[in-house]
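Worth saying up front: this structure is predicted, and the values here are computed from it rather than measured. Naming convention: chains lettered A, B, ... in sequence-line order (proteins, then strands); numbering from 1 in each chain.
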There are 2 protein chains.
Amino acid sequence: MAIRDVSLAFKALSDPTRRDILKKLRNRSMTPGELSTYFSISKPSLSHHLSLLKAANLITADKEGQKIYYSLNATVFYELLNNFLEGFK
Amino acid sequence: MAIRDVSLAFKALSDPTRRDILKKLRNRSMTPGELSTYFSISKPSLSHHLSLLKAANLITADKEGQKIYYSLNATVFYELLNNFLEGFK
DNA sequence: TATATATTTAGATAATTGTCTAACTATCTA
DNA sequence: TAGATAGTTAGACAATTATCTAAATATATA
């Protein structure tokens with residue numbers, strides 16, 4: 001998996017709610033329902049944020065029954081920031 | 001100098017024109033006039049991008065006569081991305 | 001002082017964003 | 001199969017953004 005769109009990734013990282021979502025997913029996968037208990041926004045808004053993070057390839061989704069487990073895509077995450085730092089050496 | 005606002009910094013980095021400006025400033029300082037020769041946007045638009053980069057503390061400005069020399073704030077730049085990576089270890 | 005140069009500010013406009021409620025789809029279970 | 005649960009999609013709305021042209025500010029120079 002690779003970085004698809006740097007602008008998309010930085011834009012995804014520019015929102016504090018989305019950065020908090022990534023931090024929640026740092027240790028383990030979570031469903032939108034579980035994530036929603038940590039945030040004071042509606043589930044559709046959370047869903048929207050998850051779709052942006054997914055579009056930026058910063059998280060992955062695994063469906064199990066009715067549930068969807070979202071996980072941090074650590075590889076792409078490091079790739080994005082490290083590659084960007086490379087460009088500024 | 002420190003990171004003031006992570007959202008502001010990532011937002012600044014989410015625009016390709018602004019990333020290109022940072023790359024131009026990687027090696028040396030430049031004035032808006034010189035920078036403008038590399039971009040196909042109006043000078044007011046360029047000025048706007050520079051003000052956002054400055055607000056994000058990613059560049060600094062030094063006035064000399066009528067000219068303003070903009071420089072990459074490498075320290076904050078590395079600080080932002082490295083500290084952010086730290087949070088995701 | 002008048003004019004030219006460098007850059008920003010003001011104001012307008014179209015596009016994008018984050019949020020909401022309501023409605024929909026998919027899956028599970030009694 | 002009916003109802004409950006998990007999550008997304010649709011549509012609306014206010015706020016923000018990137019861009020432009022026109023005007024203003026600041027400095028240098030003839």
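Each of A:Q66 and A:P44 has a nearest nucleotide on DNA chain D; the 5'-most of these lies closest to A:Q66. Residue whose closest nucleotide on DNA chain C sits further toward the 5' end, between A:K63 and A:S45: A:S45.
Contacts between chain B and DNA chain C, taken as any atom within less than 4.0 angstrom of a protein heavy atom, begin and end at C:dT5 to C:dT9.
Proximity of a side-chain donor or acceptor of A:R18 to a complementary backbone N or O of A:L13 within less than 3.5 Å is not detected. Looking at A:S14, its side chain never comes within 3.5 Å of a backbone N or O of B:S7 through a donor-acceptor pair.
Residue pairs meeting the salt bridge (Lys or Arg N to Asp or Glu O under 4.0 Å) criterion with at least one partner in residues 28-38 of chain A, sequence neighbours excluded, are A:R28-A:E34.
Atom CD of B:E64 is separated from atom P of D:dA26 by 19 Å (rounded to the nearest Å). Rounding to whole angstrom units, CG of residue B:D20 and P of D:dA18 are separated by 14 Å. The distance between atom NZ of A:K54 and atom P of D:dG7, rounded to the nearest whole Å, is 15 Å.
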Without placing hydrogens or testing angles, list every side-chain donor-acceptor pair under 3.5 Å for residues 63-72 of chain B, not counting sequence neighbours.
unit_1, atom_1, unit_2, atom_2, d
B:S71, OG, B:S29, OG, 2.6

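Residues from residues 31-43 of chain B with heavy atoms under 4.0 angstrom of DNA chain D, sorted by number: B:I41, B:S42.
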May I have the step-by-step check of side-chain contact (heavy atoms from CB on, under 4.5 Å) for A:I21 and A:I59, ending in yes or no? CA-CA 10 Å; A:I21 291 171; A:I59 61 174; 5.6 Å; no
Going through the checks in order, is the side-chain contact (heavy atoms from CB on, under 4.5 Å) test met by A:M30 and A:Y38? CA-CA 11 Å; A:M30 285 190 194; A:Y38 297 106; 4.0 Å; yes
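Aromatic ring orientation, B:F84 versus B:F10: perpendicular (interplanar angle above 60°, classes split at 30° and 60°).
Taking all atoms of both residues into account, the shortest heavy-atom contact from A:L58 to A:A9 is CD1-O, 4.0 Å.
Evaluation of the side chain to side chain contact (heavy atoms under 4.5 Å, CB included) rule for A:S36 yields A:K43, A:L46 as partners, not counting sequence neighbours.
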Are there any protein N/O atoms within less than 3.5 Å of an N/O atom in nucleotides 11-17 of chain D, and if so, which ones and at what distance?
unit_1, atom_1, unit_2, atom_2, d
D:dT17, OP1, B:K11, NZ, 3.2

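Counting any heavy atom pair closer than 4.0 Å across all strands shown, A:Y69 reaches no nucleic acid atom.
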